[in-house]
*Asks:* 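After the structure tokens below, expect a handful of questions from me.
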Amino acid sequence: MLKIGYPHLGDYHIPIRRLLQDLFPTAEIVSPPPFTQKTVELGGRHSPDFVCAPFKYNMGNYIEMLEAGANVLLQTGLGCRYGYYGEVQEQILRDLGYDFTFLCFSREKAHPQKIYETCKKLNPNLTFSIFSRAVLQAITRIYFMDQLDYFLREQIGFAKNTNCFTKTKKLFLKELTAENSMFGLYRIFHKYRARYHAIETQMPQNPLRVGIVGELYTLMEPYSNHFLEKRLAEGGIVVSRKMSASFLLFGKRDRRSLHSSRGYLQYTVGANGIDSVVGSRQYAKDGYDGLIHMKSFGCTPELNAQPALDQISRDYDIPILHLSFDTQTGEVGLETRIEAFMDMIEMKRKQQHENYNQSRRGYRLHLHKRRVH
Amino acid sequence: MASAYIWTQGDPIGAVKRLLNILRRQAPDAEIGSIGTTGSARKLIGAMLHADVVKNEITAHAVGTLSRHADVRTIIEIGGQDSKIILIEDGIVKDYAMNTLCAAGTGAFLSSQAKRLEIPIEAMGDMAMQSQSPAKIAARCTVFAESDMIHKAQAGYSKMDLVAGLCRAVAANYLNNVGKGKQIVSPIVFQGGVSKNKGVLAAFQEELGEKIHVDADSHLMGALGAAILSQKKTTHRKPFDFSMLQMEYVTRAHICSGCTNNCEIVQFYRGDTLLDSWGKRCEGSVG
């Protein structure tokens with residue numbers, strides 16, 4: 001019997017699980033156990049030392065799922081050197097003595113027809129209409145999730161009762177996964193959007209706003225960035241992050257991005273480096289109070305983007321904090337940097353108010369709704 | 001002002017107990033108006049002493065230094081474990097950086113090399129100043145620096161030249177790593193334990209070509225900042241009870257199995273009373 005496993009990525013494991021259920025109704029879907037210290041240690045032990053953190057996190061997930069009985073593993077690959085990770089990961093796992101089938105989309109360059117054929121090999125009853133419908137629904141789910149998550153990140157720090165947001169989100173994800181029709185998904189999205197808006201918040205008129213850019217895995221998997229967004233929200237800060245799974249699917253426009261990052265980048269720097277630059281510039285223009293640039297240690301595209309980001313920081317007088325994550329657990333250093341960053345932007349804001357009485361820049365929210373470039 | 005600067009020796013609670021006893025001896029009649037803590041163990045010690053303010057060291061250093069040098073633009077701080085650069089404009093922190101993965105440009109590196117050469121760390125600065133031709137020592141990484149130093153020692157360099165080379169390596173490493181891409185504008189203030197080392201100071205002055213101020217209390221600026229911040233925030237507090245230094249403080253860690261997050265919960269006890277706990281990542285877990 002097929003037992004299919006897939007690695008974690010933030011909350012996206014929920015729609016991915018549903019997608020696999022749709023594609024392989026007879027198979028058992030093995031969800032990866034939630035991240036723990038053990039997962040990361042396990043992954044780190046069986047990975048090359050200087051590979052970036054997503055590799056290690058994936059490895060930890062794979063080993064734990066194989067131990068739980070999975071015999072088919074999923075890897076998307078693509079992007080930067082992440083595209084080659086599937087090959088190395090498969091070899092390492094085989095060397096460890098596991099027996100499994102490895103599905104790696106980057107081998108087929110993620111061509112839908114090829115992916116369909118691969119899936120068909122595992123499930124002969126699959127038809128193209130079932131396949132396309134399931135994929136379309138999964139993408140819709142992810143899109144709706146991201147839309148509401150963006151709102152949540154901005155607002156959660158100011159909720160009178162933080163639990164309200166987390167509870168509503170749980171219900172939303174549950175209903176979204178259970179729903180079978182496209183129209184139903186749409187209805188659920190609207191219902192929960194209204195509910196989110198109805199949650200009572202105490203947002204000051206001009207809250208501090210921080211934009212988050214960087215490498216996508218580290219951004220999307222809160223365990224790998226030590227729940228940075230939560231920490232910021234707890235400090236009463238509007239957290240804005242446009243880069244998410246739906247951004248990866250629809251938002252990437254490299255040529256246009258290159259055009260709008262002119263003066264900072266002349267060529268694409270790989271993966272999402274250019275998006276970090278465009279995003280940062282957008283935040284800077286909108287008068288955000290600070291930027292946080294996150295990457296896994298050794299991420300080359302983001303490293304390439306770093307000088308451009310520093311230049312933006314100087315040109316627009318917006319503080320930027322660069323954070324690199326690996327599998328370390330010591331959080332004191334991170335805490336110090338974030339606390340200092342929050343102190344810094346707060347002091348800067350206070351000074352601005354003394355100088356101009358009111359800042360000349362805007363205080364807009366909902367950046368994701370506007371055209372970026 | 002009563003002050004003391006001691007090593008934690010891996011035991012911050014014990015060190016604070018010793019520290020408070022030293023301070024009490026220095027100023028027996030002083031009343032404690034407010035308490036501020038800063039540094040890596042700020043939370044732990046904050047809970048232990050019921051501090052008014054628990055502040056990160058970057059803000060604390062900036063506030064402390066600004067109280068002495070109001071016009072400072074760049075703060076170079078090198079302590080035992082970490083080093084930082086703080087850029088200040090119009091009296092507020094504008095940018096900062098800390099060393100990330102490497103300890104090359106810190107006091108820990110200097111003290112371990114001092115042990116290898118069997119010279120007291122306090123004497124390093126004066127020795128370095130006597131050197132006529134400092135040994136060239138790689139600044140990129142402690143491991144390279146150390147092997148470089150051993151090679152130079154075997155090539156017959158005097159200890160003075162080696163020490164001077166080490167001091168230069170620390171300064172160069174700092175500027176290459178922590179200070180990378182930062183505009184260092186004078187007035188510059190150099191502080192932290194390493195600022196007491198004249199050799200490193202001279203190396204910085206030579207590299208930057210600027211005059212660098214070192215305060216007489218340069219090693220205490222973080223503490224001063226925390227004290228100033230706590231003074232601003234203080235409420236009417238109970239008089240500080242020195243008898244609590246005799247109590248036993250313990251930290252216990254366990255993995256919470258309340259939900260799937262499996263948070264590592266650290267609980268801090270005085271005797272049997274729970275003072276504080278850290279590490280929970282969800283709303284529901286038992287602190």
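Lettering follows sequence order; numbering is per chain, from 1.
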*Asks:* Checking B:Lys43 against chain A: side chain, backbone, both or neither under 4.5 Å from a heavy atom?
*Replies:* side chain
*Asks:* For a 4.5 angstrom cut-off between non-hydrogen side-chain atoms, does A:Met344 reach B:Ile58?
*Replies:*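 Sidechains of B:Ile58 and A:Met344: no contact.
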*Asks:* With sequence neighbours left out, what residues match B:Glu210 under side chain to side chain donor-acceptor pair (under 3.5 Å)?
*Replies:* B:Ser186
*Asks:* Considering non-hydrogen atoms only, spot the tightest contact between A:Glu339 and B:Arg42 and give its length.
*Replies:* OE1-NH2, 3.4 Å
*Asks:* Counting C-beta onward and ignoring hydrogens, is there a side-chain heavy-atom pair between B:Thr59 and A:Met347 closer than 4.5 Å?
*Replies:*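 The answer is yes; the side chains approach within 4.5 Å.
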*Asks:* Has the side chain of B:Tyr96 got a donor or acceptor atom that lies under 3.5 Å from a matching backbone atom of A:Phe341?
*Replies:*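 Yes, because the side chain of B:Tyr96 sits within donor-acceptor range (under 3.5 Å) of the backbone of A:Phe341.
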*Asks:* Which atom names give the shortest non-hydrogen contact between A:Ile320 and B:Asp95, and what distance separates them?
*Replies:*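 Distance-wise, the nearest heavy atoms are O-OD1, 4.3 Å.
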*Asks:* Should B:Lys55 and A:Asp343 be marked as a side chain to side chain contact (heavy atoms under 4.5 Å, CB included) after you check the CA-CA gap, both sets of side-chain angles, and the distance that decides it?
*Replies:* CA-CA 10 Å; B:Lys55 206 50 161 182; A:Asp343 280 350; 3.1 Å; yes
*Asks:* To the nearest 0.5 angstrom, please state how far the CG atom of A:Asp310 sits from the NZ atom of B:Lys182.
*Replies:*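 Here the rounded value is 6.0 Å.
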*Asks:* For A:Gln351 and B:Asp90, work out which heavy atoms get closest and say how close.
*Replies:*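 Smallest heavy-atom distance, with atoms named: NE2-O, 2.8 Å.
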*Asks:* Distance check, rounded to the nearest 0.5 Å: A:Thr336 atom OG1 versus B:Lys84 atom NZ?
*Replies:* 8.0 Å
*Asks:* Can you confirm whether more than 12 heavy atoms, excluding those of B:Tyr5, are under 6.0 Å from its OH atom?
*Replies:*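 Enclosed: over 12 neighbouring heavy atoms sit under 6.0 Å from OH of B:Tyr5.
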